[in-house]
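Residue numbering restarts at 1 for every chain, and letters A, B, ... go by the order of the sequence lines.
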Protein chains: 2
Amino acid sequence: MPGTDTPAAPSAPAHATPAYDKHAYEPFAVTVDLAVFTIRSGTLHILLVERGQEPYAGRWALPGGFLRPDESAEAAARRELAEETGLDDVAGLHLEQLRTYSDPRRDPRMRVVSVAFAALVPDAPQAHGGGDAARAAWIPYGGEDTGAHGPLAFDHDRILADAHERIGGKLEYTCLATAFCPPEFTLGELRHVYEVVWGTELDPANFRRKVLATPGFVAQIPGASRLTGGRGKPAALYRGGGADSLHPPLLRPAPEPAPTEGTRR
Amino acid sequence: MPGTDTPAAPSAPAHATPAYDKHAYEPFAVTVDLAVFTIRSGTLHILLVERGQEPYAGRWALPGGFLRPDESAEAAARRELAEETGLDDVAGLHLEQLRTYSDPRRDPRMRVVSVAFAALVPDAPQAHGGGDAARAAWIPYGGEDTGAHGPLAFDHDRILADAHERIGGKLEYTCLATAFCPPEFTLGELRHVYEVVWGTELDPANFRRKVLATPGFVAQIPGASRLTGGRGKPAALYRGGGADSLHPPLLRPAPEPAPTEGTRR
DNA sequence: CCAAAAGTGTTATGAATACACCCATGG
DNA sequence: CCATGGGTGTATTCATAACACTTTTGG
């Protein structure tokens, strides 16, 4: 392992320079798993595939696959993202490493270490057939309870929850929210991203001010405007502004009462 | 891969239930690498080991090692932490997964996927001999430039920089700083953690108020006080308060002038 | 007495909140 | 004309930053 030559690797000759004995150890499979979020019909959706085989046959699972011998986890994740969503412009999508799940018993078949990623897709393409045999679909995200998708296969409920938490947190101090939006969007749509991911309501006026006061968050498209939802005044259109960090941050409202414990502040 | 049974795994029979063909693929080695920080004589230090063999013989590297067949990356990291630091109470130390580094060419010898961790040690034990053959030592952290430790082996400069950035960020919105401190500490010492990690100076008065106003950040030890650095008034002693999140956050001062670009608000 | 650090107080500035209010559109 | 959402204005509240000042120690 890069780092040290420790006795932790049994029978690995510490002096072997060009290569270790590649088959001296029980092999690890390394995979990527993807939590792909989008907003469809006003709510948060997640891309899932239905498993055809045991274990967990019939359950929903996160899309994913093996690392190929010559690709990094990031490359594998982006490849899977393209395959599973059927999109072409995958290059521009937000894709971010979450963490690695390595419990020895997370897959009953063999030792599988999985690098999990979170991805955001602006406009969900059709449920799609997918490049793979497995059926893929956009499923409403369940949140705390496992919602419409029921318990997922393997440790994917955990991964999904971690991914949601990460995305929600990143909205606070980055301009990530625009990654959920089409190239041109209204401030109402941008606000809706926050509301859907956080599960809260935000004051439209204050949100507007905050976003506009942050240089580089959004840039207005001069003449353009669009009707949203039929009713109401046409809204000005914006593009992402190039910035990626948010100073000062846009903190989500604190989850009011501490459960069974002391006062806050 | 938990998730889908994709054709991404060549020659893996999709119907094989109890086990894949374990040796059908080029094996991946999975390791952990540790960025272990501490504060020694007032500055940030990092635990490094000196490499004895090629590649990168003579260079400093992050401590680390292989995952054993039956342990998770977290377990392996904690085991390595104990081995390399020589500490016993490793159970209570802060250890957090950073991310996974998987570039196909990051180790010239073979395919190595490494799960990196960041750890904090309150009082640095002696430089120690270490359980391993390699020499280990606490080296002053270099920051942007590679400082005293020179370029590290493999991609460890990158890992170390990522770890430092993560730690610095987490100080903002968690109570992590107490993990750098001994069980009993003064507010000046706690402030020093922030200053050393962030590389800035903080107003003692405001820092004090902020910390005390956050419920659960610290708890005063009634009668106790201690002299710090010889000079000055004796300071009250505190313990960690059990909370782990910081609401509202303690933001680090913005790095003053944007390099070549617009005004900041 | 002086330097240094702990600890207290005060003020000014800026941000977030919670509204009230007007505008433009579809029904 | 009314419901709906966009957009503007404003007052209150809260947090922070900046800095003056007192206290307690070692030299």
Side-chain angles (χ1 to χ4, degrees), chain A residues 42 171-173 181 184-196 198 200-215 217-218 220-238 246-256 263-265, chain B residues 42 171-173 181 184-196 198 200-215 217-218 220-238 246-256 263-265:
Chain A
L171 288 186
E172 293 189 327
Y173 57 94
C181 296
E184 305 190 344
F185 53 87
T186 69
L187 293 186
E189 290 165 348
L190 187 65
R191 175 169 46 84
H192 198 67
V193 169
Y194 281 86
E195 294 177 332
V196 160
W198 285 350
T200 61
E201 298 223 326
L202 298 177
D203 184 296
N206 295 332
F207 179 83
R208 171 190 191 76
R209 257 189 298 271
K210 173 72 183 177
V211 169
L212 294 180
T214 303
F217 194 168
V218 297
Q220 187 169 3
I221 303 171
S225 64
R226 186 208 305 165
L227 297 192
T228 62
R231 289 267 210 304
K233 187 176 176 177
L237 289 178
Y238 294 83
L246 220 53
H247 267 299
L250 178 47
L251 298 178
R252 68 186 121 180
E256 269 319 303
T263 62
R264 31 189 338 281
R265 148 166 325 275
Chain B
L171 289 186
E172 293 189 326
Y173 57 95
C181 296
E184 306 190 343
F185 54 87
T186 69
L187 294 186
E189 290 164 349
L190 187 65
R191 175 168 47 83
H192 199 65
V193 170
Y194 280 87
E195 293 178 331
V196 160
W198 286 350
T200 61
E201 297 224 326
L202 298 177
D203 184 298
N206 295 333
F207 179 84
R208 172 190 190 77
R209 256 189 298 270
K210 173 73 181 175
V211 170
L212 294 181
T214 302
F217 194 169
V218 297
Q220 187 170 3
I221 304 171
S225 65
R226 186 210 304 166
L227 297 191
T228 62
R231 289 268 211 304
K233 189 176 176 177
L237 288 178
Y238 293 82
L246 220 52
H247 266 300
L250 179 47
L251 299 178
R252 70 186 119 179
E256 269 319 301
T263 62
R264 32 187 341 279
R265 157 165 324 272

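- A straight line from CG of B:L190 to P of C:dG7 spans 12 Å, rounded to a whole angstrom.
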May I have the step-by-step check of side chain to side chain contact (heavy atoms under 4.5 Å, CB included) for A:T200 and A:R252, ending in yes or no?
-> CA-CA 8 Å; A:T200 61; A:R252 68 186 121 180; 5.7 Å; no
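- Taking atom CD on A:E201 and atom C1' on C:dA18, their separation rounds to 14 Å, with Å as the unit.
- Side chain of A:Y238 to main chain of A:L187: no donor-acceptor pair is present (N/O by atom type, distance under 3.5 Å, no hydrogens or angles).
- At least one side-chain heavy atom of A:P253 sits under 4.5 Å from a side-chain heavy atom of A:L202.
- A pairwise comparison of heavy atoms in B:L227 and B:G232 identifies CD2-O, 4.3 Å as the closest pair.
- Closest of all the heavy-atom pairs between B:Q220 and B:A236 is NE2-CB, 3.3 Å.
- The side chain of B:A236 has C:dG7 as its nearest neighbour among D:dT16, D:dT24, C:dG7.
- Rounded to whole Å, the distance from CG on A:L246 to P on C:dA15 is 13 Å.
- Atom pair A:L251:CG and C:dG14:P shows a separation of 19 Å (rounding to whole Å applied).
- For the OP1/OP2 pair of D:dG6 and a distance below 4.0 Å, the side-chain nitrogens and oxygens of A:R191 include at least one atom meeting the criterion.
- For the pair A:Y173 OH and C:dA15 P, the computed distance is 21 Å after rounding to whole Å.
- Heavy atoms of A:L227 sit under 4.0 angstrom from primed sugar atoms or phosphate atoms, though from no base atom.
- Applying the side chain to side chain contact (heavy atoms under 4.5 Å, CB included) test between B:R208 and each of B:V211, B:L212, B:N206 identifies B:L212 as the sole match.
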Using nucleotides 8-11 of chain D, report all nitrogen or oxygen pairs with the protein that are shorter than 3.5 Å.
from	atom 1	to	atom 2	distance (Å)
D:dT8	OP2	A:R208	NE	3.0
D:dT8	OP2	A:R208	NH2	3.2
D:dG9	N7	A:R209	NH1	3.1
D:dG9	O6	A:R209	NH2	3.0
D:dT10	O4	A:R209	NH2	3.1

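- If you take CD of A:E172 and C1' of C:dA15, they are 16 Å apart, rounded to a whole angstrom.
- In this structure, A:R226 places its CZ atom 15 Å from P of C:dG26, rounding to the nearest Å.
- Distance NZ (B:K233) to C1' (C:dG7): 5 Å, rounded to an integer number of Å.
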Test side chain to side chain contact (heavy atoms under 4.5 Å, CB included) on A:F185 and A:V193 and set out the steps.
-> CA-CA 11 Å; A:F185 53 87; A:V193 169; over 6 Å; no
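- For B:R231, the side-chain atoms get nearest to C:dA3 when compared with the rest of D:dT4, C:dA3, D:dG6.
- OP1 or OP2 of C:dA16 has at least one side-chain nitrogen or oxygen of A:K210 nearer than 4.0 Å.
- Distance from the side chain of A:P248 is smallest for C:dA15 among the nucleotides C:dG26, C:dA15, D:dT25.
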